[in-house]
Amino acid sequence: MTLRIGVLSLWHVHAWDYIKQVQEHEDTVIAAVWDEDPVRGQAAAEQLNVPFFASLADLLAKDDIDGVIVDAPTRLHTEVLTAAAKAGKHIFTEKVIAATQKEANAVLSEVTKQQVILTVSLPRLNDGYTLAIQDILRQGLLGTITYVRVRLSHDGAIAGWLPAHFYNLEECQGGALIDLGCHPMYLTRLFLGQAVTGVSASFGYLTGKEVEDNAVAALSTDSGAIGVVEAGFVNSHSPFAIEVHGTEGTLLYGTPEQKLLIRTKAAGDAYQEWTEWPLPTAKESAFRQWVAHIQANTFAEENVQIALELTRLMEAANLAAREGRTIFLKALND
């Protein structure tokens, strides 16, 4: 059965990328568009040759819409996602679920109540380097993990290609960290392999915008392991980079080549030379996984749990930077 997909906003820079994925999938078609900006939405609908709805409620009331892709401003996520779930529409959404854990929990409560399929776009979970690193960690080749660092940056704020609305604090609920920094955040948490108990953060405002364009967050754990998350809009030629260090070895990815290198202890106390670790084929995209879940009537439980934790860590990091202190997550939850 062909799934008919509604596009809910083209605010995000990846909106057209997801539309392309719908068009390329053999079992999905774009069926309608809504946008909080009617001019932008009408233009997109005309380009796609589908109806435009000025009212979100009217689009969601359509019986022939099976699912929706949400690329609305972060400030609208709770409203839009909750409305879509109440209407019984399956949801594929850009990260984050919401700006706060309370809002994300409200969305998840409605998703669970209505039994709709939710998948959050966390694409780097599916890449070959992530799968390889998870395999290395499962084998215990690095020993006890002590330090994880993941960096992702681009030059959008200094080269001028990032949309102006990405610097609007109200719309975005943050800057470089809550946008680009989502990817190093969920990867750092994944590779730590244990609960994060404290978060501190420091933000930079090099271009004078109202949101940060340079950011670092430090994640602490009860074991003493530390995670470092880095993101920025003002860094030219800054490679995507991963470091994972343990008591028995270290792995590096992307510094600067897209190769995964590992060095571990051999027999005794001597260390092996740096060795390139092969990268497996990436998993299917998050979008294709969402469609498969709809077709099989299964839930993307791991994806949703990682996305929920991402919101929790982002909320803590934003609060830590704003108040200049470490946020202890138990106290935040209480």
Side-chain angles (χ1 to χ4, degrees), residues 4-23 28-100 102-104 106-108 110-111 114 116 118-121 156 161-176 178-180 182 209-211 233 286-287 290 307 311 314-315 318:
R4 293 171 58 80
I5 307 301
V7 174
L8 303 188
S9 182
L10 292 98
W11 177 88
H12 201 278
V13 292
H14 292 313
W16 283 101
D17 296 330
Y18 299 131
I19 288 171
K20 183 179 179 182
Q21 291 187 53
V22 175
Q23 294 170 328
T28 58
V29 295
I30 300 293
V33 172
W34 166 84
D35 200 307
E36 75 282 358
D37 178 345
V39 174
R40 181 176 60 204
Q42 182 68 57
E46 290 176 0
Q47 184 173 339
L48 294 166
N49 195 30
V50 298
F52 170 71
F53 289 81
S55 164
L56 176 61
D58 288 348
L59 184 150
L60 294 176
K62 295 285 290 181
D63 291 336
D64 61 350
I65 299 295
D66 301 296
V68 294
I69 295 178
V70 178
D71 278 301
T74 306
R75 69 174 176 86
L76 295 179
H77 267 212
T78 302
E79 174 187 341
V80 172
L81 293 171
T82 302
K86 285 182 176 179
K89 309 305 183 187
H90 302 300
I91 303 166
F92 182 83
T93 182
E94 182 60 81
K95 54 23 174 178
V96 289
I97 295 176
T100 68
K102 181 179 179 180
E103 292 172 303
V107 171
L108 263 293
E110 196 61 43
V111 164
Q114 302 298 334
V116 298
L118 169 67
T119 299
V120 183
S121 182
W161 57 263
L162 202 60
H165 58 247
F166 265 54
Y167 309 117
N168 184 305
L169 180 59
E170 181 182 3
E171 287 194 28
C172 302
Q173 302 290 294
I178 202 170
D179 177 59
L180 201 59
C182 281
K209 305 290 195 300
E210 64 175 346
V211 301
F233 294 158
F287 174 79
W290 176 59
T311 287
M314 279 296 167
E315 180 183 12
N318 281 327

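Quick caveat: nothing in here was measured; it's all calculated off a predicted structure. Hydrogens, waters and symmetry mates play no part in the numbers below; they use all other heavy atoms, side chains included.
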Margin query: For a 4.5 angstrom cut-off between non-hydrogen side-chain atoms, does Val70 reach Glu94?
Written below: no
Item checked: Side chain Trp34, main chain Gly41, donor-acceptor under 3.5 Å -> no
Checklist line | Between CZ on residue Arg75 and CD on residue Gln173, distance to nearest 0.5 Å | finding: 9.0 Å
Next item on the list: Please report the shortest heavy-atom distance between Val120 and Ala307, naming the atom on each side.
Entry: CG2-CB, 3.6 Å
Check: What closest approach, in Å, do Ile65 and Ala31 show between heavy atoms, and which atom pair accounts for it?
Finding: CD1-CB, 3.7 Å
Item checked: Main-chain N/O of Leu76 paired to Glu79 side chain as donor or acceptor, under 3.5 Å -> no
Next item on the list: For Asp35 and Leu10, indicate whether the former's side chain and the latter's backbone hold a donor-acceptor pair under 3.5 Å.
Entry: yes
Notebook entry, point to check: Between Glu103 and Thr311, is a side-chain contact (heavy atoms from CB on, under 4.5 Å) present by the stated rule, with each step listed?
Noted result: CA-CA 9 Å; Glu103 292 172 303; Thr311 287; over 6 Å; no
Next item on the list: Could you tell me the separation between the OG1 atom of Thr28 and the CD1 atom of Ile69, rounded to the nearest 0.5 Å?
Entry: 7.5 Å
Notebook entry, point to check: Rounded to the nearest 0.5 Å, how far does CD of Gln21 lie from OG of Ser121?
Noted result: 7.5 Å
Checklist line | Leu8 vs Leu59 side-chain heavy atoms within contact, under 4.5 Å | finding: yes
Checklist line | OG1-CG distance between Thr93 and Leu118, expressed to the nearest 0.5 angstrom | finding: 7.5 Å
Next item on the list: Using a 4.5 Å cut-off on heavy atoms from C-beta on, say whether the side chain of Val7 contacts that of Tyr18.
Entry: no
Notebook entry, point to check: Is the backbone N or O of Ile97 less than 3.5 Å from a side-chain atom of His77, with the two atoms forming a donor-acceptor pair by type?
Noted result: yes
Next item on the list: Please check if any side-chain donor atom of Ser9 sits under 3.5 Å from a side-chain acceptor atom of Glu36, or the reverse.
Entry: yes
Item checked: Taking every non-hydrogen atom, the tightest pair across Tyr167 and Glu210 -> O-CG, 3.1 Å
Checklist line | Any side-chain heavy-atom pair of Arg4 and Ile30 under 4.5 Å | finding: no
Notebook entry, point to check: Rounded to the nearest 0.5 Å, how far does CG of Asp179 lie from CE of Met314?
Noted result: 9.0 Å
Notebook entry, point to check: Any idea which heavy atoms bring Leu60 and Ala84 closest together, and the distance?
Noted result: CD1-N, 3.7 Å
Item checked: Between Trp11 and Phe166, ring centroids under 6.0 Å -> yes
Check: Would Asp17 and His14 count as having a side-chain donor-acceptor pair, cut-off 3.5 Å?
Finding: yes
Notebook entry, point to check: Can the ring centres of Phe287 and Phe92 be said to be less than 6.0 Å apart?
Noted result: yes
Margin query: Using only atom types and a distance under 3.5 Å, with no angle test, would you say the side chain of Glu110 pairs donor to acceptor with the backbone of Thr82?
Written below: no
Next item on the list: Tell me, yes or no, whether the heavy-atom count around Lys62 atom NZ, taken from other residues, nucleotides or ligands under 6.0 Å, exceeds 12.
Entry: no
Next item on the list: Might you confirm whether atom CG of Asp64 has over 12 heavy atoms from other residues, nucleotides or ligands at distances under 6.0 Å?
Entry: yes
Notebook entry, point to check: Are Val96 and Thr74 close enough that some pair of their side-chain heavy atoms sits under 4.5 Å apart?
Noted result: yes
Next item on the list: State, to 0.1 Å, how close Ile91 and Ala85 come at their nearest heavy-atom pair, and which atoms those are.
Entry: CD1-N, 3.8 Å
Note to self: Testing the basics here: between Ala15 and Asp71, what is the closest heavy-atom pair and its distance to 0.1 Å?
What the structure shows: CA-OD2, 3.4 Å
